[in-house]
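In what follows, a single structure is set out as C-alpha cells and then discussed.
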Protein chains: 2
Amino acid sequence: MALALTRRQQEIYDYLKEHLWEFPHPPTLDELCTALGLSSKGSLHKQIQALIEAGLVAPMNNRRRGIRLAEEDAELPDENALPMMGYIAAGRPIEAIDHQETVQVPDFLRTSKSCYVLQVRGGSMIEEGIMDGDHIVIEQRDSARNGEIVVALVDGSEATLKRIEQKQGAVILHPANSTMEAMTYSPDQVQIQGILVGQMRRYH
Amino acid sequence: MALALTRRQQEIYDYLKEHLWEFPHPPTLDELCTALGLSSKGSLHKQIQALIEAGLVAPMNNRRRGIRLAEEDAELPDENALPMMGYIAAGRPIEAIDHQETVQVPDFLRTSKSCYVLQVRGGSMIEEGIMDGDHIVIEQRDSARNGEIVVALVDGSEATLKRIEQKQGAVILHPANSTMEAMTYSPDQVQIQGILVGQMRRYH
DNA sequence: TACAATAGAACAGTGATAGAACTTAAGGAT
DNA sequence: ATCCTTAAGTTCTATCACTGTTCTATTGTA
C-alpha cells in the first residue's frame, strides 16, 4: 500500500491537485503531457499508474478522460471523533456553531448508532451530575424509553436536556435540579432529538 | 544490533533527526554531502550504512532518495489510551486491579504529564458532579495548588477524592457532598497522589 | 599500529522519458 | 444492427541521466 512516491510522482500529484479543476472535462493523457511538458503519453501513463496504486488517483480502466483524484475519505486525522454540533441550554433552541468542529470521544462513551456532541450551558441537570460546560454525547434518535435522558425540542423552539416519562397522552420532562419543576406536555409538543449516552468534563 | 556509534556517526544521525524533514523530498547522498560539508558521497554512504546496521535509519536498497529515519511507532493499538489503575472509594485504599487494563481518553481530558484512570465508587463527590461509577483522569503528581481536586492518601491507608486547601501547618480536605464534613489533617498525614484533570460517564 | 574519516574513481541500478505498437471505447455511416 | 473510423488509454522497449554502491588510497588521531 502506502508506497513512497518518487519525486516526479509527487510533482505530478501536486500538479493534479492544483490544476485538475481548471479543465472543463478531465484531461486526456495527451493534454496532460503538454501541460506538464512531456512528449510521451506512455511515460505519463506509467506515473499515473503509480499514483493509482498509491491510492491517490481514482483508477480509470480504459475510460476516456477518466483522470480524477481519489476521494480522500481515507484521511483519518482523528479516528474516533464526533461532530460538535453546538450548545444546549435549558429553555432555548440549540445554538449551532457555524464552523465545523469535532471532539474526540472514546468508544465506550458512544453507541454504534449515529452520535454527536453538545456542550452544556447552565445547571439545569446539576443534580444528575451534568454541569455547566460539560460535553455530552448524544445518540441521534426520535424516540426514547421512559427514564432515559433526552434532548427534546418543546414547541419547536425550546431545547432541554431532561429525564423523560411518557404516559397515555402526556409527556413529562423531569429536570434533575430540585429548584426546577417537572413539566407536562402533550406528545405532539415534544420532539425527541436524541438520548444521552455519554458525558465528559475537563478540570484543567 | 545496538552497536556503539562513532562520534561522526552520532553527528550525522543527529543532523538527520533535526533536518531531514526540511527537505521537500528525501535528499540524495550528494545533497547530504554538501549539507554536511563533505565532498565524497562514498564516505557518507559508509556512515549511513553504519546507521542502518544500528537500526536507526531505514535501509534503502539501491532506491534513490531513500534515506529515511527508521520508524519506531510500534504503538498502533489504542493511540490515546491510559492505564486503568483501579477503584477509588472515600475512606478506603485504592483498590488496584490485578489484570492490566486501559481506557481510551480523549486528548482534551488529559494533560501532557503522566496520567492514569480510576473508577469512582460511592457518592462522596456527588455535588461536584462526580458520581458512582464515573471514570476520572488523574495527573500523577505529589503536590497541588489550593482548590484543586486531589487523590490523597490519608494516614497511608485511606484514599479520598477531595478539594484541597493547604494552610500553615494544616491540610483541609473538603468533600463536595454536604452530608459529609471537611476534615483537617497535619501535612504529614496527607500524601497527594495526583490531581483530577478529567471525568467521563456513560449512560448506556 | 590500528582505526576512523575522507576523497575520489569506477561500477551498477533506478527513474524518467520518448516513441512505437497495440487495445479499447465512442460515434457515425452504410 | 453491423461495420468502420477515430480518438484515447495501455503496454512495451530502448535510452540516458542521475544516484546509490563498492573499492582503493590517503590522512589524521588515539
Side-chain angles (χ1 to χ4, degrees), chain A residues 1-70, chain B residues 1-20 22-71:
Chain A
M1 264 305 145
L3 302 172
L5 296 184
T6 67
R7 181 176 29 168
R8 192 66 170 127
Q9 287 160 12
Q10 185 70 51
E11 281 176 23
I12 293 177
Y13 180 55
D14 290 341
Y15 177 89
L16 289 180
K17 271 197 304 188
E18 188 153 358
H19 295 104
L20 199 50
W21 63 273
E22 297 175 1
F23 292 88
H25 309 288
T28 66
L29 288 185
D30 282 324
E31 287 168 357
L32 267 188
C33 277
T34 59
L36 285 164
L38 293 179
S39 56
S40 161
K41 60 180 178 180
S43 313
L44 178 61
H45 178 265
K46 190 177 175 184
Q47 306 287 24
I48 299 278
Q49 210 60 28
L51 291 178
I52 290 175
E53 278 172 34
L56 298 174
V57 170
M60 49 159 185
N61 307 309
N62 290 325
R63 237 175 304 283
R64 294 166 163 230
R65 297 179 177 276
I67 295 181
R68 294 161 205 281
L69 294 181
Chain B
M1 267 300 145
L3 303 170
L5 297 183
T6 67
R7 183 177 3 176
R8 190 65 170 129
Q9 286 161 11
Q10 186 67 51
E11 280 177 25
I12 293 177
Y13 180 55
D14 290 341
Y15 177 88
L16 289 180
K17 270 198 303 188
E18 188 154 0
H19 296 106
L20 199 50
E22 297 174 3
F23 292 89
H25 309 285
T28 66
L29 287 185
D30 281 325
E31 286 169 357
L32 268 187
C33 278
T34 60
L36 284 164
L38 293 178
S39 56
S40 161
K41 59 180 177 180
S43 315
L44 177 61
H45 179 265
K46 188 177 175 185
Q47 306 287 21
I48 299 278
Q49 212 60 29
L51 291 178
I52 291 175
E53 279 171 32
L56 299 174
V57 171
M60 48 161 185
N61 308 309
N62 290 326
R63 237 174 298 283
R64 302 165 74 158
R65 296 177 178 275
I67 295 180
R68 294 161 205 282
L69 295 180
E71 304 289 340

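Letters go in sequence order (proteins before strands), and every chain restarts at 1.
- A:D30 places its CG atom 10 Å from the C1' atom of D:dG9, with the value rounded to the nearest Å.
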Heteroatom pairs (N/O) under 3.5 angstrom, protein to nucleotides 5-7 of chain D:
from  : atom 1 : to    : atom 2 : distance (Å)
D:dA7 : N3     : A:R64 : NH2    : 2.5

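- B:Q9 places its CD atom 12 Å from the C1' atom of C:dC3, with the value rounded to the nearest Å.
- Among the nucleotides C:dG13, C:dA25, C:dT6, the one closest to any side-chain atom of B:R8 is C:dT6.
- Here C:dT24 presents its P atom at 17 Å from CG of A:L29, a figure rounded to the nearest Å.
- We find that CD of B:E11 is positioned 9 Å from P of C:dA5, with the value rounded to whole Å.
- For B:N62 and C:dG15, the CG to P distance is 9 Å, given to the nearest whole Å.
- If you check residues 31-38 of chain B against DNA chain C, the residues with a heavy atom closer than 4.0 Å are B:L38, listed by number.
- Each of A:I12 and B:I12 lies near DNA chain C, and the nucleotide nearest B:I12 is the one positioned closer to the 5' end.
- By the 4.5 Å heavy-atom criterion applied to side chains, A:T34 and A:D30 are not counted as neighbours.
- Annotation: the span from A:Q49 atom CD to A:Q9 atom CD amounts to 11.0 Å, rounded to 0.5 Å.
- Heavy-atom contacts from other residues, nucleotides or ligands closer than 6.0 Å to CZ of A:R8 number more than 12.
- Spacing between atom CZ of B:R7 and atom P of D:dG28 amounts to 16 Å, rounded to whole angstrom units.
- Across the protein-nucleic acid pair, A:I48 atom CD1 and C:dT17 atom P stand 12 Å apart, rounded to whole Å.
- Across the protein-nucleic acid pair, B:K46 atom NZ and D:dA25 atom P stand 14 Å apart, rounded to whole Å.
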Can you tabulate the close N/O pairs, meaning under 3.5 Å, that link protein atoms to atoms of nucleotides 19-21 of chain C?
from   : atom 1 : to    : atom 2 : distance (Å)
C:dG19 : N7     : A:S40 : OG     : 2.9

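- For B:H45, a side-chain nitrogen or oxygen approaches OP1 or OP2 of D:dT21 to under 4.0 Å.
- For C:dT6, one of the phosphate oxygens OP1 or OP2 lies less than 4.0 angstrom from a side-chain nitrogen or oxygen of B:Q47.
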